[in-house]
Amino acid sequence: MEFLAALAVLLVTAKSIEWALEKADIHPIIAHVLTGVVLGPFALGLINPGENLEVLAEFGLIMMMLYMGLTSNFSSIAQNTERATMVAALGVMFSFLLGFATVLAFGKTLTAAVFVGVTLGNTAIEVTSGILVRERVKRSVYSILMGAAFADDIIAVYLIGIVTAMSGGRLTLSSLGILTVKIFAFIAVILLVSDRVFKRAKWFYPVIRNLNVFFTFTMILTFTLAILAQWVGLNQIIGAYLAGLTISRLRERKDPLVVTRIKLNELIEDLQVVLTEFFMPLFFIYVGLMFNPPRGSLSLSLIAALYVSAVLGKLIGCGLGARLLGFSGEDSMVIGIGMGGRGSLELAILTFGLRAGLIDQSLFASVITVSMLTALTTPVFFRAYLRHLTSGQKLKSRPSEG
């Protein structure tokens, strides 16, 4: 099938499945990956993941990371940094340990076990935020959930750097130390510059006022930071994410006329249409097209064990972190369940691992399945537990008979 025809078929199919699943409140990522699986080599074999689609998917990933950074509220999260980081770090640690042990138990290599452990550590901020938009939770719980999901992204950025080094076969104890310093120095320098430019610099105001100039500036900054990240030995998507994060700090700018926030919101709205309807779906579709394990190689027991590890890792780790911070058992459960969804960043890490030969097709397919299952079931578990808490409170508030 010709490239343009294949592109049209993929997008139309993906959006049709997305609209069909929307009524059941199922995340669009599932529809997009499913499109690639069904139309790709694994099922119907109508479309192969060729070079043209790969280029578009790579660009879609960079744009997705930019958008994730733009929609992050750095100032509100920064107020809760230590508490949110503690919850996120324990969630990552327990998810890594359980995922690592599970893969080793099924006879996979040490490298594959480390890689899957890293992958399972990430929480999808888009799944968490989607849940919180639809469900009413306490403000303190909301703050921790969003802060921990954001901190989880920063940890994932660090882990992507490690994965990049692993793929190059240059990860030793000394190189890990150097890599750690480089990653955090790069992030610190970018955030320091963003504080000076986006929060305070007067010369930047004319750039914001003209939306066309602002859009062009955003694209230039995104590609510049992506290239710089690659030059210092990191992954280009780290730069793209930081570009969005630094621009999002315009919300902190003192502007009595609120022009800055209005223009930032207009930029995000303009980007959102192109991203959510074209570039982001293409990346997830491409992930689905790459889903092609040998027939009979998928292990349902491995998928089930990894799914349990993924859910329990966040439930135990994040729940424990919340308890240590003084949250009640019920609120800790809400936080542990809410952090359970996986999504975009995890799929990006998986794609790197497959291309670099860190994991094989069967393990790639297994973890993708687990990722989709967590994105599907986390909102269901979250809603069910909130209903349970609500019904329990109603029973306690009823006057006793007799």
Side-chain angles (χ1 to χ4, degrees), residues 21-31 76-77 80 83-95 97-99 102 120-152 303-343 346 369-402:
L21 297 181
E22 197 175 52
K23 296 177 182 178
D25 200 22
I26 294 174
H27 202 281
I29 289 177
I30 295 173
S76 63
I77 293 165
N80 226 4
R83 290 156 61 86
T85 302
M86 180 178 174
V87 171
L90 284 172
V92 169
M93 183 180 73
F94 276 87
S95 298
L97 291 174
L98 290 175
T102 300
L120 289 185
N122 180 242
T123 291
I125 196 168
E126 69 273 13
V127 175
T128 303
S129 59
I131 291 170
L132 294 175
V133 165
R134 297 178 180 90
E135 307 295 336
R136 295 177 63 184
V137 298
K138 295 178 183 176
R139 187 169 182 175
S140 58
V141 172
Y142 178 95
S143 176
I144 285 292
L145 271 171
M146 288 305 296
F150 174 78
D152 211 304
I303 292 172
L306 285 173
Y307 174 74
V308 171
S309 298
V311 173
L312 287 182
K314 292 297 181 182
L315 186 63
I316 296 171
C318 297
L320 176 62
R323 283 296 281 165
L324 292 173
L325 292 172
F327 283 88
S328 67
E330 289 82 2
D331 287 344
S332 298
M333 280 287 288
V334 170
I335 291 169
I337 294 170
M339 290 288 288
R342 286 9 179 240
E346 182 180 21
T369 305
V370 170
S371 179
M372 296 300 97
L373 285 173
T374 59
L376 187 65
T377 58
T378 296
V380 176
F381 293 155
F382 194 85
R383 199 175 300 117
Y385 189 70
L386 287 182
R387 283 203 206 101
H388 167 71
L389 291 180
T390 305
S391 62
Q393 289 168 357
K394 286 180 180 178
L395 286 172
K396 286 179 183 179
S397 63
R398 287 180 186 172
S400 57
E401 295 181 3

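Just so it is clear, the model here is predicted, and its values are computed rather than measured. Just so you know, these numbers use all the heavy atoms, side chains as well, and skip hydrogens, waters and symmetry mates.
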J.: What pairs of residues pass the side chain to side chain donor-acceptor pair (under 3.5 Å) test when at least one of them lies in residues 311-326, not counting sequence neighbours?
T.: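 Sorted pair list: Thr123-Lys314, Asp152-Lys314.
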
J.: Mind checking side chain to side chain contact (heavy atoms under 4.5 Å, CB included) for Ala31 and listing every partner two or more places apart, or none if nothing turns up?
T.: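 Checked Ala31 against side chain to side chain contact (heavy atoms under 4.5 Å, CB included); matches are Ile17, Glu18, Leu21.
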
J.: Could you grab the distance from atom OG of Ser371 to atom CG of Leu376, nearest 0.5 Å is fine?
T.: 11.0 Å

J.: Could you pull out the closest heavy-atom pair between Ala148 and Ala84, with the gap in Å?
T.: N-CB, 3.5 Å

J.: To the closest 0.5 Å, what do you measure between CD1 (Ile335) and OG (Ser328)?
T.: 8.5 Å

J.: Which atom names give the shortest non-hydrogen contact between Ser95 and Ala310, and what distance separates them?
T.: OG-O, 4.4 Å

J.: Taking all non-hydrogen atoms of both residues, which atom of Cys318 and which atom of Gly91 are closest, and how far apart?
T.: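 That would be SG-CA, 3.6 Å.
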
J.: How far does CD1 of Ile337 sit from OG1 of Thr378, to the nearest 0.5 angstrom?
T.: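 Here the rounded value is 9.0 Å.
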
J.: Who are the side chain to side chain contact (heavy atoms under 4.5 Å, CB included) partners of Tyr307, not counting sequence neighbours?
T.: Val311, Val370, Leu373, Thr374, Thr377, Phe381

J.: Once side-chain hydrogen bond (donor to acceptor under 3.5 Å, both in side chains) is applied, do any residues pair with Tyr385, and if so which ones, sequence neighbours excluded?
T.: none

J.: Partners of Ser309 by side chain to side chain contact (heavy atoms under 4.5 Å, CB included), sequence neighbours excluded?
T.: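 With sequence neighbours excluded, Ser309 shows a side chain to side chain contact (heavy atoms under 4.5 Å, CB included) to Leu98, Thr102, given in chain and number order.
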
J.: Using the test side chain to side chain contact (heavy atoms under 4.5 Å, CB included), find all partners of Leu325 that sit at least two apart in sequence or belong to another chain.
T.: Arg83, Met86, Val87, Ile144, Phe327

J.: OG of Ser332 to CG of Leu315: how many Å apart, nearest 0.5 Å?
T.: 10.0 Å

J.: Measuring from atom CD1 of Ile303 to atom CE of Met372, what distance do you get when rounded to the nearest 0.5 angstrom?
T.: 12.5 Å

